[in-house]
Amino acid sequence: MSNIGSYDQRIKGFSWSIAEKELDYQQDGDINIGWYCSDRICRQGKGDKLALIWQGATGNEKRYTYNDVRRASNTIAKYLVDLGIHPGDRVCLFMDKIPELYIGLVGILKSGAVAQPLFSAFGDEALLLRLKDAQTSAIITQRKHAGKVRNILSQLPCLEHVIIVDYDGKKPLQEREKAFSLEDMPPVEDFESYPAKAETHSMLHYTSGTTGQPKGVKHVHDSLVSQYLTTKWVLDLRDDDIYWCTADPGWVTGTSYGVIGPWSLGVTQCVTDIGFSADNWYAFIEKQRITVWYSAPTAIRSLMKAGDEVVKKYDLSSLRHLVSVGEPLNPEAVVWSQKVYGKPFHDSYWQTETGSIMISNYPGMEIKPGSMGKPFPGITAAILDPINYEPISEPGVVGLIAFQPDWPARMRTYWNNEATFQNKFRNGWYLPGDRGRLDKDGYFWFVGRDDDIINTAGHLVSPFEVESALLEHPAVAESAVVAKPDEINMEVVKAFVALKPGFAASDDLELNIMNFIRKKLSPLAMPQEIEFVDSLPKTRSGKIMRRLLHAREWGEAIGDTSTLEDNE
Ligand code: 6R9
């Protein structure tokens with residue numbers, strides 16, 4: 001039996017007080033997420049349980065119990081307070097996926113400061129933009145990334161402290177730099193966590209920017225209520241699970257479900273800094289006996305590309321539940337995962353701004369491959385018509401995905417940008433900027449980002465549907481479909497395709513693919529052109545940046561590219 005049990009039963013009379021009760025949280029009481037992720041679990045008698053198993057690139061391991069996490073996060077929190085960091089000050093985490101990143105997040109929250117995690121692969125410009133916007137007071141980083149901070153320091157008068165977690169004493173510390181080593185600091189047994197209330201600012205996440213300038217998304221400690229319950233019911237985490245969230249905490253998935261969800265439930269999680277390859281990932285699952293795996297379509301497509309044979313080399317029998325997020329999960333990927341792992345990937349849909357999972361396929365509920373599933377209990381979701389912003393009751397009609405405020409993890413505003421925040425609401429609904437449709441059984445289907453939809457001769461074409469059809473072709477590893485200008489039809493469909501190993505681009509192959517997808521798509525959705533490429537531009541969280549391909553087709557400026565994967 002899954003944690004959620006019967007979905008239909010759960011939605012009846014749902015109230016977030018279910019989670020509040022389990023968390024022993026009283027309205028207007030203290031709800032410091034950092035305390036919940038460490039001290040509370042120890043108080044429940046799980047202090048000696050493993051919280052984190054970390055595996056480095058060379059296979060070396062570090063293990064931390066909940067007591068270790070509690071003490072180490074105390075040490076960090078006290079260090080920040082002693083430095084003069086005040087509640088509400090922004091403290092940036094700028095590290096690879098090392099233990100200090102995970103424990104540091106808990107420590108920052110305990111101190112009352114606001115955690116601002118950023119991908120360590122960001123270059124100077126990307127970093128500058130976000131630290132300036134957030135007026136960040138301190139940054140916690142590694143030696144290997146400190147050079148980037150030095151390059152921009154003179155432009156950041158607010159950034160008082162550059163804290164280096166692995167200082168080796170070889171070169172003198174520079175202006176504002178401080179050495180802090182968890183291993184060398186005496187562990188702090190007792191630390192009074194900042195008495196954060198529900199509305200106290202907790203995190204500042206910068207959105208992935210697939211569609212424009214990155215924006216700071218303000219979250220509060222109350223988000224724990226949603227994150228705790230969605231982790232329990234969607235990821236189905238239980239006491240004896242070994243959980244792996246593949247996301248980097250620079251992306252919201254890596255914090256909401258890579259730190260807060262699993263640790264507030266007192267579950268053991270594994271993290272690895274090892275680079276992606278099918279062998280690396282399967283070996284990790286085998287070695288750590290991973291039971292619940294939360295990943296993303298880009299990774300799944302890459303695993304599909306690596307093929308079925310490599311799966312057989314490893315014992316993946318520990319896997320119990322698989323979940324995906326970040327992009328539409330093509331039906332092919334669901335069918336394939338069922339075939340090779342004996343378990344389907346369950347889709348989950350949400351965004352930085354929503355803070356927690358909004359729509360999902362729940363364990364035990366019938367999966368319709370290609371569908372995102374149903375709204376989480378307590379979430380009112382609808383498809384709105386884009387003119388009057390009224391819910392469309394007819395099944396199958398494409399419109400704007402919308403949610404009724406309120407749920408605990410929703411963003412409270414965009415940092416320094418209240419006007420843009422207000423603009424996300426229409427007729428009392430929150431609009432995430434995506435299009436979808438609802439079927440007669442109440443399942444939601446993703447159609448595309450609001451701005452990705454192709455309008456060809458007045459017909460709306462979903463890039464996702466065309467990409468899914470392309471992906472079923474045996475030669476296609478990945479694809480991105482965008483609009484191309486056309487004198488007659490205004491826009492036509494153009495597909496970019498990356499091939500699987502062993503296939504070479506040719507006119508014959510293009511024709512073969514066209515004939516293959518013709519059987520699956522309406523004539524209006526057929527691409528006019530396929531361009532073969534080696535790889536597709538992606539964000540660091542693995543989302544295909546159709547915006548870049550689109551801009552190229554239209555001869556437009558490409559805008560902010562700081563989240564582009566290859567943009568160091
Ligand atoms: C968690 C996260 C949010 C945007 C979102 C949508 C896309 C996420 C999806 C999905 C289709 C899914 N997205 N999950 N599209 N199916 N299951 O991804 O946050 O980086 O802010 O991106 O990603 O377009 O609006 P974020």
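Indexing begins at 1, ligand by ligand and atom by atom, following the structure's order. The shown structure was predicted, so the numbers you read here are calculated from the model rather than taken from an experiment. Nothing fancy with the numbering, it's 1 onward along the sequence.
Counting heavy atoms only, G326 comes closest to atom 13 (N) of ligand 1 of the residues G433, G355, G326, S348.
The shortest N/O to N/O separation between T207 and ligand 1 does not fall below 3.5 Å. Considering both main-chain and side-chain atoms, S324 never comes within under 3.5 Å of ligand 1 through any nitrogen or oxygen pair. In terms of polar-atom proximity, defined here as any N/O pair under 3.5 Å, T352 does make such a contact with ligand 1.
The only member of Y257, F345, W244 that meets ring-ring contact (aromatic ring centres under 6.0 Å, His included) when paired with Y294 is Y257. Of the residues R547, K424, R435, the one that meets the salt bridge (Lys or Arg N to Asp or Glu O under 4.0 Å) test with D450 is R435.
With rounding to the nearest 0.5 angstrom, the CH2 atom of W445 is 10.5 Å from the CE atom of M372.
Under 3.5 Å, the side chains of E353 and Y414 contain a donor-acceptor pair of N or O atoms.
Listed by number with element, the atoms of ligand 1 under 4.0 Å from a non-hydrogen atom of M372 are 16 (N). Each of the following atoms of ligand 1 lies closer than 4.0 Å to a heavy atom of D347: 12 (C), 16 (N), 17 (N). Set against the non-hydrogen atoms of D434, the atoms of ligand 1 under 4.0 Å away are 5 (C), 6 (C), 24 (O), 25 (O). Interface of T253 with ligand 1, defined as ligand atoms under 4.0 Å from a residue heavy atom, comprises 1 (C). Residue P328 has at least one heavy-atom neighbour below 4.0 Å for each of these atoms of ligand 1: 11 (C), 15 (N), 16 (N).
Only the backbone of E327 comes within 4.0 Å of ligand 1, counting heavy atoms alone; no side-chain atom from C-beta on gets that close.
Contact analysis leaves L329 out of contact with ligand 1, as no non-hydrogen atom separation drops below 4.0 angstrom.
F516 carries K520 over the face of its six-membered ring, with the cationic atom under 6.0 Å from the centre and within 45° of the normal.
Scanning both residues, G261 and T231, for their nearest heavy atoms gives CA-OG1, 3.2 Å. Here the closest non-hydrogen pair linking I357 and F376 is O-CB, 4.0 Å.
Using a cutoff of 4.0 Å between basic side-chain nitrogens and carboxylate oxygens, R301 and E478 are scored as salt-bridged.
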